[in-house]
Amino acid sequence: MTGTATSVTASTVRVCRLDELPVGEVHTAKIPGRAAISIFHTAEGLFAIDDTCTHQDASIADGWVEDCTVECPLHESCFDLRTGLVSGPPAKIAVQTYAVAVSDGDVYLELPTTP
């Protein structure tokens, strides 16, 4: 699922309705002026990370998710959804993580004020 995010404040952005993001699914938010961010809904909760693999230009949202780890579909680097840390090559650099909040059935990202 991909959509355009709606700004709420300078640092909080509404990305979708929670009922549009069931457990096991991912939503990729395209926020003007920023790289895409993917929100994963796992059994452990909602987690948001930069959508682009740090090894090569691939969408992490297209990867395989198990527990709180996503495997890049291109070269199989794995990233922890909670911390963004990479657990194996070929990627060596972590991805950025973002806080996720739910309010009145809407999913929000908390973004740094400077991109």
Side-chain angles (χ1 to χ4, degrees):
M1 175 188 313
T2 302
T4 302
T6 305
S7 290
V8 173
T9 68
S11 62
T12 303
V13 177
R14 180 193 173 278
V15 291
C16 65
R17 296 274 310 154
L18 183 59
D19 58 12
E20 297 171 339
L21 185 58
V23 173
E25 296 294 321
V26 61
H27 174 88
T28 302
K30 310 263 188 204
I31 301 165
R34 292 185 178 268
I37 298 172
S38 289
I39 303 91
F40 294 83
H41 194 174
T42 72
E44 291 82 14
L46 294 166
F47 301 96
I49 62 174
D50 279 340
D51 183 54
T52 304
C53 179
T54 57
H55 169 251
Q56 197 164 355
D57 208 14
S59 173
I60 295 175
D62 294 333
W64 182 65
V65 178
E66 184 175 345
D67 299 322
C68 281
T69 301
V70 61
E71 181 179 290
C72 176
L74 194 55
H75 294 115
E76 302 173 355
S77 290
C78 292
F79 297 90
D80 187 308
L81 295 174
R82 297 165 293 202
T83 64
L85 295 175
V86 63
S87 62
K92 297 177 183 172
I93 300 169
V95 291
Q96 175 72 42
T97 60
Y98 302 90
V100 182
V102 177
S103 178
D104 296 326
D106 289 320
V107 178
Y108 295 89
L109 287 176
E110 295 178 27
L111 302 173
T113 54
T114 56

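As the structure is a computational prediction, the values presented were derived from the model and not from experiment. Side chains included, hydrogens not; waters and symmetry mates left out as well; all remaining heavy atoms used.
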Exercise. For Thr28 and Ala61, which heavy atoms make the closest approach, and how far apart are they?
Worked result: OG1-CB, 3.4 Å
Exercise. Within a strict 4.5 Å, meaning less than it, do heavy atoms of the Leu46 and Val102 side chains meet?
Worked result: yes
Exercise. Can you list every pair that meets salt bridge (Lys or Arg N to Asp or Glu O under 4.0 Å) and has a residue in residues 75-97, with sequence neighbours left out?
Worked result: Asp80-Arg82
For this session: Indicate the atoms forming the closest heavy-atom contact of Ile39 with Ala29, along with that distance.
Result: CD1-CB, 4.2 Å
Exercise. Which pairs, with at least one residue in residues 52-75 and sequence neighbours excluded, count as a salt bridge (Lys or Arg N to Asp or Glu O under 4.0 Å)?
Worked result: none
Exercise. Below 4.5 Å, heavy atoms only, C-beta onward: do Leu18 and His41 meet side chain to side chain?
Worked result: yes
Exercise. Between Ile49 and Gln96, does a side chain to side chain contact (heavy atoms under 4.5 Å, CB included) hold up when you go through it step by step?
Worked result: CA-CA 6 Å; Ile49 62 174; Gln96 175 72 42; over 6 Å; no
For this session: Spell out, as yes or no, whether a donor-acceptor pair under 3.5 Å connects the side chain of His27 to the backbone of Leu21.
Result: no
Exercise. Which distance, rounded to the nearest 0.5 Å, do you find between the CG of Leu85 and the CD1 of Ile93?
Worked result: 12.5 Å
Exercise. If we only count heavy atoms from C-beta on, is the Tyr98 to Pro112 side-chain gap below 4.5 Å?
Worked result: yes
Exercise. Thr54 and Val86: side chain to side chain contact (heavy atoms under 4.5 Å, CB included), yes or no, with the steps?
Worked result: CA-CA 9 Å; Thr54 57; Val86 63; 5.7 Å; no
Problem set entry | Rounded distance (nearest 0.5 Å) linking atom CG of Asp51 with atom CZ of Arg34 | 14.5 Å
Exercise. Quick one: does Thr52's side chain get under 4.5 Å of Ile60's, heavy atoms only?
Worked result: no
Exercise. Shortest non-hydrogen contact from Gly84 to Thr97?
Worked result: N-CG2, 3.3 Å
Problem set entry | Euclidean distance, Leu81 CG relative to Thr69 OG1, rounded to 0.5 Å | 6.5 Å
Exercise. For the residue pair Glu110 and Ala101, what are the closest heavy atoms and their distance?
Worked result: OE2-CB, 4.1 Å
For this session: Would you check if Ile37 and Val15 make a side-chain contact, meaning some heavy-atom pair closer than 4.5 Å?
Result: no
Exercise. Is there side-chain contact between Phe79 and Cys53, with at least one heavy-atom pair below 4.5 Å?
Worked result: yes
For this session: Would you please name every residue forming a ring-ring contact (aromatic ring centres under 6.0 Å, His included) with His55, sequence neighbours left out?
Result: His75
Problem set entry | Gap separating the CZ atom of Arg14 from the CG atom of Asp106, nearest 0.5 angstrom | 4.5 Å
Problem set entry | Under 3.5 Å donor-acceptor, Glu25 side chain and Pro22 backbone | no
Exercise. Hey, does Val26 have a side-chain heavy atom less than 4.5 Å from the side chain of Val70?
Worked result: no
Exercise. Going only through I, L, V, M, F, W and Y residues with side-chain contacts under 4.5 Å, is there a path from Val95 to Trp64?
Worked result: no
